[in-house]
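Residue numbers start from 1 in every chain, and the chains themselves are labelled A, B, ... in the order their sequence lines are given, proteins ahead of strands. The figures that follow rest on heavy atoms only: side chains count, while hydrogens, waters and symmetry mates do not.
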Amino acid sequence: MQRLTVRDSPAPGTRRRPSSSSLLASELKQLFRRRRTQAMLLALAAIPVVIAVVVRVSSAVPPGRGPAFLDRISQNGLFVAVTAMLVSVPLFLPLTIGVVAGDTIAGEAGLGTLRYLLVAPAGRARLLLVKYAGAAVFCISAPLAVALAGAGIGWVLFPVGPVALLSGDLVEPDEALVRMLLIAAYQAVSLLGLSAIGLFLSTLTDVPVGAMAATIVLSVVSQVLDQLPQLEWLHPWLFTHHWFGFADLLRQPIGWDSFGDNALLQAGYIAVFGALAFGRFVSKDVLS
Amino acid sequence: MTAAGRALALETKGLSKRFGHQLAVNSIDLAVPRGSVFGFLGPNGSGKTTTIRMMLGLAAPTAGEVRVLGMDMPRQLDEVLPRVGALVEGPAFYPFLSGAANLHRFDAADRHAAPSTRRARVAEALERVGLSHAARKKVRAYSLGMKQRLGIANALLARRELLVLDEPTNGLDPQGTREVRNLVRSLAADGATVFVSSHLLAEVEQICTHAAIMSAGRLVAQGPLAELRESGTAQLRLVTPDAGAASGVLVRFGLSPVVGHPDGADAVITSSLPIGAGADGTAGLPAANGGVAPEAVVAALVADGVRVRGFTVERGSLEDRFVALTGEGFDVAQ
Ligand SMILES: Nc1ncnc2c1ncn2[C@@H]1O[C@H](COP(=O)(O)OP(=O)(O)OP(=O)(O)O)[C@@H](O)[C@H]1O
Ligand SMILES: [Mg+2]
């Protein structure tokens, strides 16, 4: 073994200006270079492709059957993206978020790498923040994958022209694309609360699959509760309550109310579960 | 801070950790001098790793305090840990990343590590443990010993004042074991303090200047290695045809001789010989403090006309001391 001549190692006592960007960059690189993440994004992108191909090869869909907007696809390819988004919201999107958010801390604990990150030292609060930031970036990417793949395949397989909004107004395709991106942004915001829940659950266990499953189950339970009229008082507090509220973005002028309500609700969930995750993680014994 | 505190790289006072009903670490007072190579010994389950976790701020003590490099843990964790390299309970890595990528990741987690020198430091650490050729290989495809080496490389990513190595030679081949020994020596020569936990006593005897012995959560001995070996008893072995007279002399010294006749002609008499506590800490077999001086025994034997044909006194090895302190049984304590 060679003698180590470490260049530029800090003399004891001198403190370098702390840089947080390194860890975030490393986290994002790790997340998005991982096969599992890429597979999930690909699977999400496949949803609009499957829908578009099925509609293309089959005869006209009678209006009112299947997911909303399905009958409009053959008239305008841009509706592929909207339809795919509607199909993905209840299960596919929360599924991928559950995997990413549930894995944040528990995945590191399960591998044993958590102890090495902490003795590096990453700092517990900083690590938690970076982990949440990584999950948040995935929350943006996941609906974006659906929207872009949908717009792309719709443009390839179907005629694209002025789009009739829900309010009846016609907008040009480029304006429609902007609306599509707004819907993706709406979904990204919708998923931030769920990510915070996943982050918290992830601090409770060393078994990542457990945290993932619990996060996904919670998203389903919340949607079921949202369907029960007996629990009407609870509905506005459920993190899934506004998940389907993006129709307002398809009106002229754009209705921002549900966007705002949703953002506020998600911010509440982020605050509460972020605080719980913080409280749990900073005092947790890392014994994995 | 007291002068004594400054001279210690690691210090615990009444450190305890409870898991449910079990006290995994029971009020231990460790004192690891700066610049020492400190062997932390103990049978499986005696609390070594748990103690190390508390030293590094991974687990909170149930009671007691820890000072690392003169600073309070975990309060000053952010200042302490960049100066400490650690291997805790074996290596752990991302199997889907290469060896070098794993080190990059852990180095990025240290916000005091300069990104500009990261590549060079990773390459040097890998070279130091002999892994340069496997740097691009996925850790999934590493052998146990290669992972262990990578774990040591991770501890060496920056210049460290203290290295805490939990069983660093676990799974290593003889070359690897030797290299780790050399590595520990070279780190110590550079002025670092090395705290190594192990149950490979021969190894500790070779590299350590100090040692402590844990047993069922308690610290049962600690100090410079020479003192640890010496305190306790030595084994006396006398070869003589005059078994009866010789036994009489030994009994007069308060010993309890055992007479054997391994090959017929001469009797071989063995007895344990209490050794004084070696007050001055020098090597040898001082007779002070209630011990029995071997030379006095020989003189008495000769004076009584015993024909002494062989006389040896063997100092207890660290292993004898270890077994004496932690018990013979094979079962783990708890
Ligand atoms: N997470 C845990 N929960 C409960 N008990 C634990 C936990 N970790 C360790 N222990 C207990 O604490 C005691 C000390 O364990 P520790 O890992 O510190 O031993 P060790 O000296 O490192 O042993 P080894 O030589 O096998 O590595 C053991 O009895 C063990 O069962
Ligand atoms: Mg151990």
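Contact annotation: the side chain of B:Val84 never approaches that of A:Pro121 to less than 4.5 Å [non-hydrogen atoms, C-beta and beyond]. At least one side-chain heavy atom of A:Val119 sits under 4.5 Å from a side-chain heavy atom of B:Leu58. A:Arg115 has its side chain within reach of B:Arg53: a pair of non-hydrogen atoms, C-beta onward, lies under 4.5 Å apart.
Around CZ of A:Arg36, the count of heavy atoms belonging to other residues, nucleotides or ligands within 6.0 Å exceeds 12. Surrounding CZ of B:Arg185 are more than 12 heavy atoms belonging to other residues, nucleotides or ligands, all under 6.0 Å away.
Proximity to chain A (any heavy atom under 4.5 Å) is restricted, for B:Asn154, to the side chain, taken from C-beta onward. Both the backbone and the side chain of B:Leu87 come within less than 4.5 Å of a heavy atom of chain A. Using a 4.5 Å cut-off between heavy atoms, A:Glu108 touches chain B through its side chain atoms alone. If you measure heavy-atom distances from A:Arg33 to chain B, you find no contacts under 4.5 Å at all.
Taking all atoms of both residues into account, the shortest heavy-atom contact from A:Leu111 to B:Tyr94 is CD1-CD2, 3.6 Å. Smallest separation of non-hydrogen atoms from A:Thr113 and B:Ala92: CG2-O, 3.7 Å.
Note on B:Gly90, B:Gly57, B:Ala86, B:Ala101: by heavy-atom pairs under 4.5 Å with chain A, the leading option is B:Gly90.
Atom CG of B:Asn102 is separated from atom CD of A:Gln30 by 7.5 Å, given to the nearest 0.5 angstrom. Annotation: the span from B:Asp78 atom CG to A:Arg126 atom CZ amounts to 9.0 Å, rounded to 0.5 Å. A distance of 11.5 Å separates CZ of B:Phe96 from CZ of A:Arg35, quoted to the nearest 0.5 Å.
Proximity to chain B at a heavy-atom threshold of 4.5 Å picks out nothing from residues 204-213 of chain A. At a heavy-atom cut-off of under 4.5 Å, chain B is reached by A:Lys284, A:Asp285, A:Val286, A:Leu287, A:Ser288 from residues 275-288 of chain A, listed in order of number.
Side chain of B:Arg111 to main chain of A:Ser22: no donor-acceptor pair is present (N/O by atom type, distance under 3.5 Å, no hydrogens or angles).
Relative ring orientation between B:Phe106 and A:Tyr116 is described as tilted, the plane-to-plane angle lying within the 30° to 60° band.
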